[in-house]
Amino acid sequence: MRLFTQSQKLWAEAQKLVPGGMPAHLSPQLLVRGQSPCFIERAEGCRFWDVDGHEYIDYMCAYGPMILGYNHPKVEAAVAAQKKKGDCFSLPSPLWVELAKRMVDLITAADWVTFGKNGTDVCNLAVRVARAHTGRSKILMAQGSYHGIGAWCTPIITGVTEEERLQVLSFPYNDPAALENLLKQHGPEVAAVIITPFKHETSHDQEMPTEAFISGLNTLTRPEGPLLILDDVRGGFRLDLRGSAEYIGLKPHLSCFSKAMGNGYPISALCGAKELMSSASKVFFTGSFFAGAEALAASLATLQEMVDSRSLEHIFRMGEMLKQGLLDQAASLGLKINYTGPVTIPFMTFEDDKKFEKSRAFCARAYQEGVFFHPYHNWFLSAAHQEEDIRETLLATQKAFEAVKEKA
Ligand SMILES: Cc1ncc(COP(=O)(O)O)c(C=O)c1O
């Protein structure tokens, strides 16, 4: 039996030194308390090793960034070459322009682009550009959607003033009539509608957007306002290399990317339509590390490899294989599961499991067997996952499903 002794020891120390031990999504408190690893020693390909020396096939991919896999040779070589020249300079490196060109060529909805470090940076920027461009204040977002930790949208409002939230209204995802009604009431004050390419709220089954919803979003928004912002921070490059807008038929005026675009190096991008370029140039957006050349090099190498190796097609194939395997196993044991969202970013819940007891039992057993899933958050696949890894995973999940069945 795997014990998590070092993990627990470090976690106890972290709680004495850091408020909450580890804030938000990386907190091991969100996994299966006492029965999950808490700290990672190293990672390679689609696997990591925890501080107790246990190996796992990873289906969280660092919550999305690792799209080619950990320590990818081409990305690491590009970063090492740049490291020799330097990273943080007094002026930008030429890679700033090279990556801008690459993104504008690749992303259908991009006539221009600017770079930050986190998804939050560019979601906040998108909202400011929309306000600057339209001269309006209100933002419409889908209930339960996550767009980072800006005061306007953070899901936990401790420390946020009421005034900062007054300009944000919400509507249910996949409800074009509710969106239309909100726009009827507040239309002339609405700067933008911000949306994710599919519904990926934590602890909920995922939902792809309906045709009616996409059509509503496209027809109810326009370049004069209300604008349409696609938050592609999580979905970006795991649905379509040209941006998820292509995959779902959306016509956004602004698109936010981060996570997968640098295969683990910190970088984000706001892309926009030409009509918004002048307004975007007037919004103050900067940071000491925004032009870091290593992350720019990582992103160029990541996007190149994704194109050259047709990595996304592979990730879809692996995603299908995992999905089919899990559905078959659950069915053969008479367990009812919901397997939702794109196969490259799937999520699995059990029916009649409102308190997630079955999910926790499933994950706890999977950790014992060397596979890392999250009980409440959607999962991610990478190009490093190969058929052998999926087969090995399925040996583990057979036991994990059996553990759930025994408990029921
Ligand atoms: C859809 C979406 N938007 C924005 C963010 C915020 O990105 P970051 O954590 O890089 O600030 C996330 C992060 O999970 C996300 O999933």
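Start at 1 and go down the list; that is how both ligands and their atoms are numbered.
No side-chain heavy atom of Phe380 sits under 4.5 Å from any side-chain heavy atom of Tyr59.
Backbone and side-chain nitrogen or oxygen atoms of Thr196 are examined, and none is located within less than 3.5 angstrom of a nitrogen or oxygen of ligand 1.
Considering Arg131, Arg136, Lys138 as possible partners of Glu189, the one that fulfils the salt bridge (charged side-chain N to carboxylate O under 4.0 Å, His left out) test is Lys138.
Close approach of ligand 1 to Lys259 (heavy-atom distance below 4.0 Å) involves ligand atoms 13 (C), 14 (O), 16 (O). Heavy-atom proximity to Thr120, at under 4.0 Å, picks out these atoms of ligand 1: 6 (C), 7 (O), 8 (P), 11 (O). Heavy-atom contacts of His200 reach the following atoms of ligand 1: 1 (C) (cutoff under 4.0 Å).
With respect to the salt-bridge test (charged N to carboxylate O, under 4.0 angstrom), the residues Glu387 and Arg391 qualify. Under a 4.0 Å N-O distance rule, the pair Arg47/Glu392 qualifies as a salt bridge. Looking at Lys355 and Glu357, no side-chain N of the basic residue comes within less than 4.0 Å of a carboxylate O on the acidic one, giving no salt bridge. Between Glu313 and Arg310 there is a salt bridge, since at least one side-chain N of the basic residue sits less than 4.0 Å from a carboxylate O of the acidic one.
Both the backbone and the side chain of Asn118 come within 4.0 Å of ligand 1, counting heavy atoms alone. Heavy atoms from both the backbone and the side chain of Tyr146 come within less than 4.0 Å of ligand 1.
Taking the six-membered ring where tryptophan is involved, the planes of Trp379 and Phe347 are perpendicular, since the angle between them exceeds 60° and thus also 30°.
Given atom 16 (O) of ligand 1, the protein heavy atom at minimum distance is Arg234 NE, 2.9 Å. Ranking protein heavy atoms by distance to atom 10 (O) of ligand 1, first place goes to Gly119 N, 2.8 Å. Of all protein heavy atoms, the one closest to atom 5 (C) of ligand 1 is Val233 CG1, 3.7 Å.
By the 6.0 Å and 45° rule, Arg2 stacks over the aromatic ring of Tyr56.
Atom 1 (C) of ligand 1 has its nearest heavy-atom neighbour, among Ile267, Asp231, Ile194, in Asp231.
Assignment of His25 to the shell around ligand 1 is not supported, since no heavy atom sits closer than 4.0 Å.
When distances from atom 14 (O) of ligand 1 to the protein are checked, a heavy atom turns up under 4.0 Å.
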